[in-house]
Protein chains: 2
Amino acid sequence: MPSHHPARSRRSTERKGDLRERAILDTCEALLAHKGYNAMTVGDIAQGAGITRGALYFYFGSKQEVVVALVARTVEQLWERSRTTAQTDEPRQAIAEAMQRTVELWNEHGLVMRTAIDLSLTVPEIGELWSHTADLFITAITAVLERAGIQAGTEPEQASAMARALCWMIERTFYHASQESRETLQEASATCEHLWLISAGLTT
Amino acid sequence: MPSHHPARSRRSTERKGDLRERAILDTCEALLAHKGYNAMTVGDIAQGAGITRGALYFYFGSKQEVVVALVARTVEQLWERSRTTAQTDEPRQAIAEAMQRTVELWNEHGLVMRTAIDLSLTVPEIGELWSHTADLFITAITAVLERAGIQAGTEPEQASAMARALCWMIERTFYHASQESRETLQEASATCEHLWLISAGLTT
DNA sequence: GTAAAAATCGACACCGTGTAGACTTTCTGG
DNA sequence: CCAGAAAGTCTACACGGTGTCGATTTTTAC
C-alpha cells in the first residue's frame, strides 16, 4: 500500500502508482458530483480510473478509505490556505475577509465539504478531520469576538460558546446555499456576516 | 399494504398488522440508536419485530421506507405539538419559550431528528419532511424578529434571511449538543437564545 | 539485464437486498 | 357457523456489490 508518505517527499522519481492514486481520487470526486456517495460503486471508481476493482484494492482498502483520502486531500488545502492568510487586527475587516475566504472555499470545494459533513457520523476518520477543521474556525471566530470586546470564557454567553454557534450557523447555511447557486451563496454569506457583526456588537 | 389511513380512523377493531407496523418502527428506532443506519439491516429489524424479512416486506418496500415512516411518525408529533402551543406576543418571552420547547423536542426525539437530518440528502422523502419542518421554524422565528422591530423582507439583512440562518444555527448546534448530554444541550440552548436575542436587538 | 518490488487481473466466497409463490391465519357476510 | 376473501407469514431464489486471494505482468533499482 502506498499512502502515508510522511517524510519521503522527493524519493526517487514519482511512482506510477502516485498517478493512479490521484486518478482514483479525481474520479471519486467526479462521481460524487453526479451520482452521490451511495450510488457510487467501487467498480465505478475503478473503471473511471482505468483499472479493475481488484487493482483499486491495492491502493485503498474500501470505498470509505477512498473518500477519506479525498476529504483529507481537500481539507489539507484548506488548512494550508488558512495558515497563509494574513490576519487583520481590525475586527470588522477581519470578519469581512473571513467571510470572503469562506465563500471562495465553498465555491471551490463545496461538494467535498458537503460530503465530509454528511459522512462525519458514519465514517469516524472523516468526523475527525472535519471536527478538527471546525475547531480551527471556532478558534478564529473566538479571537475576533474577544478582540471586539466580547467577554472571553467558555460559559454559554461568552466568546467561546458564541463562536461555536456562529460556526455551526455558517456551516449549515453554506451547506444549503452552496447546493443552489453562487448568488445564493453570496447572499447567505452577507446574512451570516451581518449576524456575526451584530453578535460581536459592531453595529454602531 | 396498510399505511395511508386518511379518514378510516376507527374502522373495525385494530388490525393485527397495525400492531406489527408499530413494532417495526419501534424496533427500527431502537436499532438506529445503537447500530446506526448503515449497520442496521432489514433482517435485524424483522427479527426485532418478531417476524422474518419476507413478512417485513409486506409492510414496507425497503429499509428506507421504514425509516421514512419512522421520521414521519416523529415529525407529525412535532407539528402537532407546535400547533397546540400558546403563542406569546412579547418577543423576549416568545424566544425563551421557543428555546425551551426546542430543548424538550431534542431531548425526546434527538435520535430520530439527527437521523432525519443525516438522511435528508439521500432520501428525498425525508428531505421533504425535514425541510417542511424547518420552514415552520423559520416562519416562527421570522415573526418574532419582525415583532421585535427587525425590518421585514427577504434581502440578506432582513428578517427572513436572518431567521433562516438562526434556524440552521439552532439545528446544527442542537444536533451536536444532543449527542453529548442533557447538560450540554441546555448550555447550547442558552447560547442560541442569547444570540437570537442579540440578533433581534433585544439586549437593552 | 536481472531480481525484487509494485501494480494488475480474474475468479471466488460472502452478505444484504428485494421478489415470487405457496401456505396459514383472520376477518366478514350470508 | 362456515366458506371465501383478505391479511399476514414463510422459505427459497436471483441479483448485485464487497472484499480477498493467488497468479501474472509491469516497473524500478542496482
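By convention in this document, chain letters (A, B, ...) are assigned in the order of the sequence lines, proteins followed by strands, and residues within each chain are numbered from 1.
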> Of the options Thr74(B), Val67(B), Leu78(B), which is the one that meets Val112(B) in a side chain to side chain contact (heavy atoms under 4.5 Å, CB included)?
Thr74(B)
> Does Glu183(B) have any salt bridge (charged side-chain N to carboxylate O under 4.0 Å, His left out) partners at least two apart in sequence or in another chain, and if so, which?
none
> Given atom CD of Gln47(B) and atom C1' of dT9(D), what is their separation to the nearest angstrom?
16 Å
> What's the CG-C1' distance between Asp44(A) and dT18(D), to the nearest Å?
13 Å
> Nearest-Å distance, CZ (Arg20(B)) to C1' (dT26(C))?
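That distance rounds to 13 Å.
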> From the list dC10(D), dT28(D), dG8(D), which nucleotide is the closest neighbour of the side chain of Ala55(B)?
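Selected nucleotide (nearest to the side chain): dC10(D).
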> Which letter, B, S or -, goes with each nucleotide of nucleotides 14-20 of chain C from 5' to 3', with contact meaning a protein heavy atom under 4.0 Å?
--SBBB-
> Examine dT9(D): is either OP1 or OP2 under 4.0 Å from a nitrogen or oxygen in the side chain of Tyr59(B)? Give yes or no.
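Yes, Tyr59(B) has a side-chain N/O under 4.0 Å of OP1/OP2 on dT9(D).
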> For Ala177(A) versus Ala188(A), what's the shortest heavy-atom pair and its separation?
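Ala177(A) and Ala188(A) have their closest heavy atoms at CB-CB, 3.7 Å.
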> Should Glu80(A) and Arg83(A) count as an ion pair when the cut-off is N to O under 4.0 Å?
yes
> Calculate the interatomic distance between Asp18(A) atom CG and dT28(D) atom P; express it in whole Å.
10 Å
> Calculate the interatomic distance between Leu19(A) atom CG and dT26(D) atom C1'; express it in whole Å.
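After rounding, the reported distance stands at 15 Å.
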> From CD1 of Ile51(B) over to P of dT9(D), roughly how many Å is that when rounded to an integer?
6 Å
> In Å and rounded to the nearest 0.5 Å, what is the OG1 to CD distance from Thr88(A) to Glu97(A)?
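Taking OG1 in Thr88(A) and CD in Glu97(A), the distance rounds to 3.5 Å.
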> Measure from the side chain of Thr52(B), starting at C-beta and using heavy atoms only, and say which of dC9(C), dT11(D), dA6(C) lies closest.
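Among dC9(C), dT11(D), dA6(C), the one nearest the side chain of Thr52(B) is dT11(D).
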> Keeping to residues at least two apart or across chains, list the side chain to side chain donor-acceptor pair (under 3.5 Å) pairs with something in residues 37-49 of chain B.
Lys35(B)-Asp44(B)
> I need the CZ-C1' distance between Phe58(A) and dA7(C), as an integer number of Å.
5 Å
> Any side-chain N or O of Arg15(A) below 4.0 angstrom from OP1/OP2 of dA29(D)?
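Looking at the OP1 and OP2 atoms of dA29(D), one of them is under 4.0 Å from a side-chain N or O of Arg15(A).
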> Which is it for Arg73(B) and Arg22(B) under the side chain to side chain contact (heavy atoms under 4.5 Å, CB included) test, yes or no, and what are the steps along the way?
CA-CA 10 Å; Arg73(B) 185 174 79 166; Arg22(B) 243 178 295 138; 3.8 Å; yes
